[in-house]
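Just so we're on the same page: letters track the sequence lines, and every chain starts at 1.
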Amino acid sequence: MQPLTNRSKLVVNKKMNFWERIYLPAILKGMWTTLKHFFRKKNTVNYPDEKRPFAPVWRGWHVLKRDEAGRERCTACGLCAVACPAEAITMTAAEREKGEEGLYREEKYAAVYEINMLRCIFCGLCEEACPKEAIFLTDRIVPSDYVRQNFIFGKNLLVEGVEPEKRIDVSMRQKHIQEPKWAVQQ
Amino acid sequence: MSLSLAVFLILGLASVIFSLLMVFTKNPVHSVIFLILTFFSIAGQYVLLNAQFLAVVHIIVYAGAIMVLFLFVLMLLNLNSAAEPKQSARWKLGAAIAAGMLLVTLVGALKGGIQIAVPENTNPQVGLAQNLGRVLFTDFVVPFEIAGILFLAAMVGAVLLAKRDVKL
Amino acid sequence: MSTFFLFDAAMILEKSILVVVLFAITLTVAAYATFGERKIAAFIQDRVGPNRAGPFGLLQPLADGVKFFTKEDFMPNAAERWLYILAPGAFMFVACMTSAVIPWGTQLTLFGKPVDLQVTDLNIGLLYIMGFTSLGVYGIMIGGWASNNKYSLYGAIRASSQMISYELAMGLAIIAVVMLSGTLSLREMAEQQAGINWNIWYQPLGFLIFFTCALAECNRAPFDLAECETELIGGYHTEYSSMKLGFFLFAEYINMFIACAVIATVYFGGYNFPGLDPNWLGGLMGPVVMFAKTFFFIFVFMWIRWTLPRFRYDQLMRLGWKALIPLAILNMLLTGGGVLVFSN
């Protein structure tokens, strides 16, 4: 068989000679190797202090976006729930009442919107399915917890804040998402 | 009462108590541990006699090696009261007679009141490693070497016993 | 009776202070050895190691100690209660006792009074150390047996048979040194190795044997089969938790410290270093040199641990009985011949 790299070594079951049998040269060689590693560059990233940049297409904790006026974009059409291969999304729709126009963009909105983060596989199909550009996956990591119940994220954890500083930027992600091929062809 | 007398009394009491406990405990592992403690108190007595070499060798050989092997075997066998084989009445009778004869012998021997002549004004440094070694390799060299040969023979015997497939 | 108890009050006070100081140093060194081990492991594996607690993670041992104390103290239902509690204490006690005969330096002049930097100069110092290391087995065996767990028992059996086997080669290696120096007292041995006249130059083979056996006696890699995680979960301390486990782990580091100190004293001249008079700075130079050597060997122990893979059990026994003991006997014979030739 042709070797894939030039580093491969042929295994021979030959008898070891005296120097190989007393092991000491081999041990010293190994210790020299480990000593060299002492002065190598460390691979560690000191996580909370320094963070590695995420890939722009990283898919993490979802966000439910608001529009420029601070109104929730989601209209509870349920397409994301249908698209979800893990069946992680559930929602309850409600009709917008008089005087709530500043809160919800459409006449129908999601009164309850829950994503089970233990089921979610972070595939991003909900984002692709959404006709209102309401749901996006962001570069935030879903935190760990001790209780399973706490992984069902409701609207309080998903909807972004109204204030400009609480808005969650998804422009990087949008820029890098390629249009699906069928959409271009149409 | 001098300090060394007090230490002697404490060590003596400890060795008596530990050896009694060794005999009377049911659990063999506990027995071994009490025996080790007895060895320690005896080693303390050696130190009192300024025989530090003997004390340390006593600990290394008996407590450190032989008793470890004992403990080893006992732990592997995992003896407990449930697994203990029932002794037949004949064995019990035999044991009682043997022990009784030993008692009679001991009482008979002690009745005469043995006087152990304690040599006065011996060299207090006699128990040190240097002096002991010199005596062992000059005055007592023949018994010493014979003891060595005995150990060698025992070792060869043990190896032979362990290797069952060796044709004798 | 004997001259053994002829101490005066001042001497008792002096020795007690020395004992307390030595005890504190031993515990600190052991605590920081755990830290050093983790750092060295990290550096060898291209990591940075613990660096969260305090500057450079220097408070890590403290954090570990607090953690050990606050963990649940669990005892198996069917454990042999008293022996289970006794074992870690016994192991720790034996580990701490050994440091008494090691000469850390010549003499320190404190308040115009010379103070010996050795707790007691037994004329059988080396044997004393051998005796206490041979007792270290009991903590392990009793702990392993009393836990009432198969893995613990296996670990205990492995540890004790390993320690008994390697003790023999260790003793034989030491006899050669004793033949050279003609004394069992560690202080006299250190004094004889003034300057660069170290025993290692006369006993290279003996040193190698002793060093290998010291690794095995301390249950350190590549001879750490007693707590080989892949086969035995945790070995003899599988069932231990909280500070009882801490005692076992801690005592192992103390053992390592003492073993390194003994290696430094017996083979590497103890507090002697060429060009450095151990009496400098009021005798402070001696301990500095001694500790430097000891720490160097601790480093080597750790370096070896993170380099070499573990032995298999039959390999371990073969090395001990079929390689080290014959070599040690050969070394003894050669030394004997050398002493006979050169002393005349």
*Kindly indicate whether the side chain of B/Ile33, heavy atoms from C-beta on, has any atom under 4.5 Å from the side chain of C/Tyr138.*
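Counting from C-beta outward, B/Ile33 and C/Tyr138 never come under 4.5 Å.
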*asked:* Can you confirm whether C/Val137 sits close enough to B/Leu71 that some side-chain heavy atom of one is under 4.5 Å from a side-chain heavy atom of the other?
replied: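 No, too far: nothing below the 4.5 Å cut-off.
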_With rounding to the nearest 0.5 angstrom, report the CG to CZ distance, C/Leu135 to B/Phe39._
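Answer rounded to 0.5 Å: 12.0 Å.
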With only heavy atoms counted, which part of [X] is less than 4.5 Å from chain B, the side chain, the backbone, both or neither?
X        : answer
C/Ile157 : both
C/Leu153 : side chain
C/Leu83  : side chain
C/Phe132 : neither
C/Thr133 : neither

Mark yes when over 12 heavy atoms from residues, nucleotides or ligands other than [X] sit less than 6.0 Å from its [atom1]; otherwise mark no.
X        : atom1 : answer
C/Tyr313 : OH    : yes
C/Tyr154 : OH    : no
B/Tyr62  : OH    : no

*Region of B/Val29 that comes under 4.5 Å of a non-hydrogen atom in chain C*: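 The answer is the side chain of B/Val29.
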_At a 4.5 Å cut-off on heavy atoms, which part of B/His58 comes close to chain C: side chain, backbone, both, or neither?_
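Neither part; nothing is under 4.5 Å.
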*Could you check B/Ile59 against C/Tyr128 for side chain to side chain contact (heavy atoms under 4.5 Å, CB included), going step by step and ending with a plain yes or no?*
CA-CA 9 Å; B/Ile59 285 182; C/Tyr128 172 89; over 6 Å; no
_Minimum heavy-atom distance between B/Val57 and C/Leu127, given as atom pair plus value_ =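 Closest approach of B/Val57 to C/Leu127: CG2-CD1, 4.4 Å.
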_Quick check: closest heavy atoms across B/Val68 and C/Ser160, and the distance to 0.1 Å?_
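It is CG1-CB, 4.3 Å.
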*Residue selection (most heavy-atom pairs with chain B, distance under 4.5 Å) from C/Met130, C/Met141, C/Glu167, C/Glu80*: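 Looking at each option in turn, the highest pair count goes to C/Met141.
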